[in-house]
Amino acid sequence: MKAPKLCVALDLPTKESNLTLAQSLKIHSKNLWLKVGLRSFVRDGKEFLKELRNIGDFKLFLDLKLYDIPNTMLDTLDEIHKLGIDMLTIHASSGVKAMKALAQYKQETPNAPLIFAVTALTSFDEETFTQIYNAPILNHARNMAVLAYTSGCDGVVCSCFESKAIKEATHESFLTLTPGIRPFGEESSDQKRVADLAFAKEAKSDFIVVGRPIYKAQDPKGVVTKILESLQS
């Protein structure tokens, strides 16, 4: 079984602290993805992406969860592609038309980023999810994943609890990216559907996202080293 790839969330309160974190992880840059979320991108912009790229051989993951009309999403993807991003997120609930348009763009555009569609945010539990979507999380996530798969997306964002069922409903090669990973059982904080490394591997996650357990650690590089070793074992 192929080991999941590690994405480190750059969610610190300043650009400088995020750059310091990235610099400390430079030794692992060929094996890491750096996730730049909405807060960091709005605050620090495209210049921040250039600075990250200058540090090492990291892959860059822009996690903006695009959700708009198809033309707007397509135009935004074109601008994101110009930034040299390797992976981005959209919402599967933006619809088949939008997802197909983005997938077609990717097929026709050299070096376009991987496109991952969000199925259900990992901050939801069953009660709060049902209040909004009037459906169980697993059923909804699986249905959204099938739409994303048939539309041509590269994969979906889901929790480890849905990952295996999504692969069974689509294809083993359809990628799953699972946030909310607490590598060694750390506190879950505002995430509800969390998992440790063993669960992530069992769930066949292709990418895992780790934030607080790395950037709040006294030795972030040591934690990343330990995670990478555990993923390969």
Side-chain angles (χ1 to χ4, degrees), residues 1-45 47-65 85-89 116 118 121-125 157-161 163 176-233:
M1 185 184 301
K2 188 167 63 174
K5 295 179 174 64
L6 174 59
C7 305
V8 179
L10 300 182
D11 291 336
L12 287 161
T14 67
K15 180 178 80 168
E16 291 71 26
S17 54
N18 279 328
L19 289 172
T20 297
L21 174 61
Q23 187 69 47
S24 73
L25 303 178
K26 181 178 180 179
I27 190 173
H28 293 304
S29 64
K30 290 185 178 180
N31 298 309
L32 290 182
W33 292 66
L34 298 180
K35 184 180 85 71
V36 177
L38 191 58
R39 177 196 192 188
S40 293
F41 188 69
V42 168
R43 182 187 62 217
D44 305 322
E47 292 303 317
F48 177 52
L49 302 176
K50 293 180 182 178
E51 292 179 77
L52 291 174
R53 198 172 290 108
N54 289 336
I55 291 175
D57 297 321
F58 300 105
K59 296 285 190 180
L60 297 185
F61 165 23
L62 192 57
D63 185 25
L64 301 184
K65 301 180 178 71
I85 295 300
D86 300 291
M87 177 162 61
L88 66 92
T89 51
F116 279 76
V118 176
L121 299 174
T122 52
S123 56
F124 280 117
D125 58 18
V157 182
C158 61
S159 83
C160 288
F161 295 93
S163 176
T176 57
L177 185 152
T178 55
I181 301 298
R182 297 298 181 259
F184 309 107
E186 296 88 345
E187 182 183 353
S188 62
S189 190
D190 61 339
Q191 301 278 22
K192 300 300 182 184
R193 302 187 330 279
V194 302
D196 60 17
L197 295 181
F199 192 174
K201 288 194 285 186
E202 173 63 25
K204 299 183 178 180
S205 297
D206 297 286
F207 294 85
I208 61 170
V209 180
V210 184
R212 296 178 187 89
I214 292 173
Y215 63 71
K216 287 194 171 183
Q218 290 187 339
D219 178 19
K221 182 175 72 172
V223 173
V224 167
T225 300
K226 186 178 178 182
I227 292 172
L228 291 173
E229 289 174 350
S230 179
L231 290 175
Q232 295 297 330
S233 64

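Since the model is a prediction, treat every value here as computed from it, not as a measurement.
Checking side-chain atoms of Asp86 against main-chain N and O of Leu60 turns up a donor-acceptor pair under 3.5 Å. Arg182 contributes no side-chain N or O that, together with a main-chain N or O of Pro213, makes up a donor-acceptor pair within less than 3.5 Å. The backbone N or O of Leu12 sits less than 3.5 Å from a side-chain atom of Asn18, completing a donor-acceptor pair. In this structure, the side chain of Asp63 does not engage the main chain of Val36 through any donor-acceptor pair within 3.5 Å. Within the 3.5 Å criterion, the main-chain N or O of Lys26 finds a donor-acceptor partner in the side chain of Ser29. Thr178 places no side-chain N or O within 3.5 Å of a backbone atom of Ser159 that could act as its donor or acceptor partner. Between the Lys204 side chain and the Lys2 main chain, no donor and acceptor come within less than 3.5 Å of each other. One N or O on the side chain of Thr225 and one on the backbone of Lys221 form a donor-acceptor pair closer than 3.5 Å. The backbone N or O of Phe48 sits nowhere less than 3.5 Å from a side-chain atom of Arg53 that would complete a donor-acceptor pair. With hydrogens and angles disregarded, no donor-acceptor distance shorter than 3.5 Å links the side chain of Ser40 to the backbone of Lys15.
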Decide yes or no on side-chain contact (heavy atoms from CB on, under 4.5 Å) for Leu6 and Asn31, but give the supporting numbers first. CA-CA 7 Å; Leu6 174 59; Asn31 298 309; over 6 Å; no

Going through the checks in order, is the side-chain contact (heavy atoms from CB on, under 4.5 Å) test met by Glu51 and Asp44? CA-CA 10 Å; Glu51 292 179 77; Asp44 305 322; over 6 Å; no

From CA spacing to verdict: side-chain contact (heavy atoms from CB on, under 4.5 Å), Phe161, Phe199: CA-CA 9 Å; Phe161 295 93; Phe199 192 174; 3.3 Å; yes

Hey, mind stepping through Cys160 and Ile208 against side-chain contact (heavy atoms from CB on, under 4.5 Å) and telling me if it holds? CA-CA 9 Å; Cys160 288; Ile208 61 170; 5.6 Å; no

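For the atom pair Ile55 CD1 and Leu25 CG, the distance stands at 9.5 Å (nearest 0.5 Å). Note that the CG atom of Leu34 and the CG atom of Leu21 stand 8.0 Å from one another [nearest 0.5 Å]. Going from atom CG of Asp219 over to atom CD1 of Ile214 covers 11.0 Å, rounded to the nearest 0.5 Å.
Heavy-atom minimum distance, Leu52 versus Ala22: CD2-CB, 3.8 Å. Considering all non-hydrogen atoms of both residues, Ser163 and Thr176 come closest at OG-OG1, 2.9 Å. The minimum heavy-atom distance linking Gln232 with Ala3 is given by the pair NE2-CB, 3.7 Å. A pairwise comparison of heavy atoms in Cys7 and Met87 identifies SG-CE, 4.3 Å as the closest pair.
No side-chain heavy atom of Leu62 sits less than 4.5 Å from a side-chain heavy atom of Lys35. Counting only heavy atoms from C-beta outward, the side chains of Leu32 and Lys59 never approach each other to under 4.5 Å. Using a 4.5 Å heavy-atom cutoff, the side chains of Val210 and Pro183 are in contact. Contact check for Val8 versus Tyr215: no side-chain heavy atoms found under the 4.5 Å cut-off. At a threshold of 4.5 Å between non-hydrogen side-chain atoms, the residues Ile85 and Phe61 do not count as touching. Contact annotation: the side chain of Pro179 approaches that of Val157 to within less than 4.5 Å [non-hydrogen atoms, C-beta and beyond]. Counting only heavy atoms from C-beta outward, the side chains of Ile227 and Leu197 approach each other to under 4.5 Å. At least one side-chain heavy atom of Leu121 sits less than 4.5 Å from a side-chain heavy atom of Lys65.
Judged by the 6.0 Å distance and 45° axis criteria, Lys5 is positioned over the aromatic ring of Phe207.
Other residues, nucleotides and ligands contribute at most 12 non-hydrogen atoms within 6.0 Å of the NZ atom of Lys226.
For the 3.5 Å distance criterion, the side chains of Ser17 and Thr20 fail to qualify, holding no donor opposite an acceptor.
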